[in-house]
Amino acid sequence: MENLADRLLAIMDRKDHWAWPAFLRPGLARAELATHFRHEYHTYVRDFPIMLARVLGLGPPDDVRRTLAANVYEEQTGGLSFGVSHPDLFLEMMEGLGLDRVALSSPEGLVPEAVAYRAMLDRVSSRPPWIVGAAVLGIFVEGSVNERATLAGSRSEPPLEEAIALHPLVRHHGCPPAAMRLVRAHRMVEGGHRQDAWNAVLGHAPAARGAHDAIVAAMDEALALWLSYRDGVARAMGLVRQ
Ligand SMILES: [Fe+2]
Ligand SMILES: [Fe+2]
């Protein structure tokens, strides 16, 4: 029997979308970037701290309460980094790109797949068991396709200043490095969030096979809805699969 970590990592290996390379090279217009970032803001960036707080409200064990509370505190206040919430640091990055804060804040005209992805995030964060919400938010949403290497400690990241200079928004889209404090904050705290999320899920998943299956099923659903969400955004941006 495959263990739970392997099953979840196999899902994270697939958190990758065909349109992603377009975000790593020059060529996207401001309006296209705005479409992408407005969707990211409304699907999870703005309300991520609230979703985490809902999982805390579902009453996980004490060690998980503590790490979730610390995560909520940082995401909503930036109290462990710059004293600015992560959603606001995101908007700071948008201003660096020359995108309008008010236009980004409008939830009008999201593609239906984005609404479906968001509805799933609201559902898993609101309903027991807490461990499903913790997995989907802490591992799937906050994590990336690099999860396996990150967890194994084999992912080598360039030094922070170099990472910011090489960031596509700075390198190709003219965002001033000073507007990239979100990347700095994540370098300060996100390693902890990754480890906490895996500890919460792997440390508390009941040994019963059925519980593992429920977590894996929710993560599978998250992946399917995310891929469809990214398809919808690519369509709205006019990107075509090669
Ligand atoms: Fe964050
Ligand atoms: Fe985080």
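For ligands, and for the atoms within them, numbers begin at 1 and follow the listed sequence. Sequential numbering from 1 along the given sequence is applied to the chain's residues.
- At least one N, O or S atom of E142 sits under 2.8 Å from the Fe ion (ligand 2).
- Aromatic pair H186/H193: centroids not less than 6.0 angstrom apart.
- Taking all atoms of both residues into account, the shortest heavy-atom contact from H17 to A234 is CE1-CB, 4.3 Å.
- For H193, the N, O or S atom with the smallest separation from the Fe ion (ligand 2) is ND1.
- Note: angle at the Fe ion (ligand 1), from OE1 of E75 to NE2 of H186, is 170° (rounded to 10 degrees).
- The Fe ion (ligand 2) sits nearest to atom OE1 when only the N, O or S atoms of E190 are considered.
- Sorting the N, O or S atoms of H86 by how far they are from the Fe ion (ligand 1) puts ND1 first.
- At a threshold of 4.5 Å between non-hydrogen side-chain atoms, the residues R7 and M219 do not count as touching.
- The aromatic ring centres of F48 and H86 sit 6.0 Å or more apart.
- Residues L239 and L28 have side chains in contact (heavy-atom distance under 4.5 Å, counting atoms from C-beta outward).
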